[in-house]
Amino acid sequence: QVQLVESGGGLVQAGGSLRLSCAASGRTFSSYGIGWFRQAPGKEREFVARITWSGSTSCADSVKGRFTLSRDNAKNMVYLQMNSLKPEDTAVYYCAAARYGGSSSSRSYNTWGQGTQVTVSS
């Protein structure tokens, strides 16, 4: 089973960009689907984007055209590039893993990172 560590969060002005990284341990990383979720204060955790073990990606309508997802299996890394950030993107961002699985539902993932804070100022 992999372990996940997110990084790359921070404070950015509206319209700016950040790249979040999800670093995974383990030699079977390429067989895992990775999802990104976020949770703002007082709100439920919501789906942001996912990349399957085979490299297909999908994302929430709220971030479509602004966020892109990629993975580097040689480095056991998944990257979430976030452009044109908005104040409503402010949240703690989590990556999650599911072997040969994953979906837009958080229940399909069984391994989670600790999260990284993203704050977008207006």
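Of the possible donor and acceptor atoms, none in the side chain of R50 sits under 3.5 Å from a partner among the backbone N and O of G33. Side chain of Q114 to backbone of E6: a donor-acceptor contact under 3.5 angstrom is found.
T52 pairs by the side chain to side chain donor-acceptor pair (under 3.5 Å) definition with S54, not counting sequence neighbours. K64 pairs by the salt bridge (Lys or Arg N to Asp or Glu O under 4.0 Å) definition with D61, not counting sequence neighbours. Partners of D72 under the side chain to side chain contact (heavy atoms under 4.5 Å, CB included) rule, at least two apart in sequence or in another chain, are A74, K75, Y79. For Q1, the side chain to side chain donor-acceptor pair (under 3.5 Å) partners at least two apart in sequence or on another chain are T111. Applying the side chain to side chain donor-acceptor pair (under 3.5 Å) test to Q117 and every residue at least two apart in sequence or in another chain returns T119. Here S108 pairs with S103 under the side chain to side chain contact (heavy atoms under 4.5 Å, CB included) rule; sequence neighbours left out. Partners of S62 according to the side chain to side chain contact (heavy atoms under 4.5 Å, CB included) rule, which considers only residues two or more places apart in sequence or in another chain, are R38, A60.
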Please list every donor-acceptor pair under 3.5 Å in which a side-chain atom of residues 23-32 meets a protein atom from a residue at least two apart or in another chain.
from : atom 1 : to  : atom 2 : distance (Å)
S25  : OG     : Q3  : N      : 3.0
S31  : OG     : T28 : O      : 2.6
S31  : OG     : R99 : NE     : 2.9

Per-pair distances, 0.1 Å, donor-acceptor, side chain in residues 8-19, under 3.5 Å, sequence neighbours excluded:
from : atom 1 : to  : atom 2 : distance (Å)
S17  : OG     : N83 : OD1    : 2.9

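The shortest heavy-atom contact between T57 and L69 is CG2-O, 3.8 Å. The two residues A97 and V2 have their closest heavy-atom pair at CB-CG2, 3.7 Å.
Counting Ile, Leu, Val, Met, Phe, Trp and Tyr side chains that sit under 4.5 Å apart, directly or through other members, Y109 shares a hydrophobic cluster with F37, F47, V92, Y94, W112.
The salt bridge (charged side-chain N to carboxylate O under 4.0 Å, His left out) analysis of residues 113-122, with sequence neighbours excluded, yields no pairs. Applying the disulfide bond (SG atoms under 2.5 Å apart) test to pairs two or more places apart or on separate chains, those with a residue in residues 36-96 are C22-C95.
You'll find the side chain of M77 stays beyond 4.5 Å of the side chain of R71, heavy atoms only. Taking 4.5 Å as the limit, every side-chain heavy atom of K86 sits out of range of all side-chain heavy atoms of V120.
Here the CH2-CG distance, from W36 to L80, works out to 6.0 Å after rounding to the nearest 0.5 Å.
Each of W53 and V78 belongs to its own hydrophobic cluster when Ile, Leu, Val, Met, Phe, Trp and Tyr are linked at side-chain heavy-atom distances under 4.5 angstrom.
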